[in-house]
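Because the structure is a prediction, the values reported are computed rather than measured.
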Amino acid sequence: MSDDVLKRYRESIDNIDAALVFMLAERFKVTQAVGRYKAEAGLPPADPGRESAQIERLRTLARSANLDPDFSEKFLRFIIDEVIRHHEKARAAE
Ligand SMILES: O=C(O)C(=O)C[C@]1(C(=O)O)C=C[C@@H](O)C=C1
């Protein structure tokens with residue numbers, strides 16, 4: 001394909017996707033440590049109060065960034081659910 005406009009857009013999309021992967025990798029690095037800490041301290045994997053605060057904060061940020069708040073919430077929910085699964089595994093291994 002010799003469409004230079006589309007090629008440039010896609011280069012930018014690829015850079016953004018790479019940044020997302022690195023950011024998610026860092027986030028999961030921290031949450032793995034949180035999971036070990038919670039397992040050792042006997043804390044429950046999920047903290048619904050903390051999650052509600054995170055979701056409200058992210059929805060506000062999304063609105064100010066012209067991003068769909070419902071999408072932002074779904075995205076965070078998806079990530080947190082995976083983190084909770086990791087925490088549960090860490091607790092089972094304790
Ligand atoms: O902050 C915590 O307590 C975490 O375990 C991290 C995290 C998150 O991924 O942000 C995951 C699960 C909790 O329910 C709340 C938040």
Side-chain angles (χ1 to χ4, degrees):
M1 187 169 44
S2 65
D3 187 329
D4 283 345
V5 174
L6 186 57
K7 185 170 177 284
R8 274 200 304 278
Y9 285 143
R10 285 180 174 172
E11 280 169 4
S12 188
I13 289 168
D14 285 345
N15 285 345
I16 292 164
D17 288 348
L20 282 174
V21 165
F22 283 119
M23 283 192 284
L24 279 174
E26 275 314 296
R27 194 184 197 284
F28 276 101
K29 225 189 269 178
V30 179
T31 56
Q32 293 287 4
V34 172
R36 282 192 297 275
Y37 175 79
K38 283 185 163 181
E40 282 165 20
L43 293 167
D47 182 340
R50 165 71 177 152
E51 291 172 22
S52 298
Q54 286 170 283
I55 286 165
E56 263 330 292
R57 176 173 175 266
L58 215 73
R59 289 185 67 90
T60 302
L61 287 173
R63 274 185 219 101
S64 72
N66 278 325
L67 185 68
D68 180 357
D70 292 342
F71 168 76
S72 305
E73 179 172 346
K74 273 189 267 178
F75 182 64
L76 186 64
R77 185 73 264 156
F78 180 67
I79 294 168
I80 289 178
D81 285 346
E82 180 69 8
V83 171
I84 291 170
R85 285 198 320 107
H86 293 178
H87 287 0
E88 281 164 352
K89 267 197 205 161
R91 181 166 70 168
E94 189 54 36

TODO: May I ask you to list the residues sharing a hydrophobic cluster with Y9, side-chain cutoff 4.5 Å, ordered by chain and number?
DONE: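 Answer for Y9: V5.
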Task: Remaining members of the apolar cluster that contains I80, side-chain heavy atoms under 4.5 Å - done: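 Answer for I80: I55, L58, L61, L76, I84.
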Show me, pair by pair, the donor-acceptor contacts under 3.5 angstrom made by side chains of residues 38-54, not counting sequence neighbours?
{"unit_1": "K38", "atom_1": "NZ", "unit_2": "P45", "atom_2": "O", "d": "3.0"}
{"unit_1": "D47", "atom_1": "OD1", "unit_2": "G49", "atom_2": "N", "d": "3.3"}
{"unit_1": "D47", "atom_1": "OD1", "unit_2": "R50", "atom_2": "N", "d": "3.1"}
{"unit_1": "E51", "atom_1": "OE1", "unit_2": "R77", "atom_2": "NH1", "d": "2.9"}
{"unit_1": "E51", "atom_1": "OE1", "unit_2": "R77", "atom_2": "NH2", "d": "3.1"}
{"unit_1": "S52", "atom_1": "OG", "unit_2": "P48", "atom_2": "O", "d": "3.1"}

Task: Selection residues 57-67 - residue pairs positive for side chain to side chain donor-acceptor pair (under 3.5 Å), sequence neighbours left out - done: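 Matches after skipping sequence neighbours: R59-D70, R59-E73.
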TODO: Might you point out which heavy atoms bring L67 and S72 nearest each other, and give the distance in Å?
DONE: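 Distance-wise, the nearest heavy atoms are CD2-OG, 3.5 Å.
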Task: With sequence neighbours excluded, residues passing salt bridge (charged side-chain N to carboxylate O under 4.0 Å, His left out) with E82 - done: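 Partners of E82 by the salt bridge (charged side-chain N to carboxylate O under 4.0 Å, His left out) criterion, ordered by chain and then number, come out as R85.
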Side chains of residues 16-33: which donor-acceptor partners sit under 3.5 Å, not counting sequence neighbours?
{"unit_1": "E26", "atom_1": "OE2", "unit_2": "K29", "atom_2": "NZ", "d": "2.9"}
{"unit_1": "T31", "atom_1": "OG1", "unit_2": "R27", "atom_2": "O", "d": "3.2"}
{"unit_1": "T31", "atom_1": "OG1", "unit_2": "F28", "atom_2": "O", "d": "3.2"}
{"unit_1": "Q32", "atom_1": "NE2", "unit_2": "H86", "atom_2": "ND1", "d": "3.3"}

Task: Inter- and intrachain pairs under ring pair (Phe, Tyr, Trp, His ring centres under 6.0 Å), touching residues 55-75, at least two apart - done: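 Sorted result for residues 55-75: empty, none.
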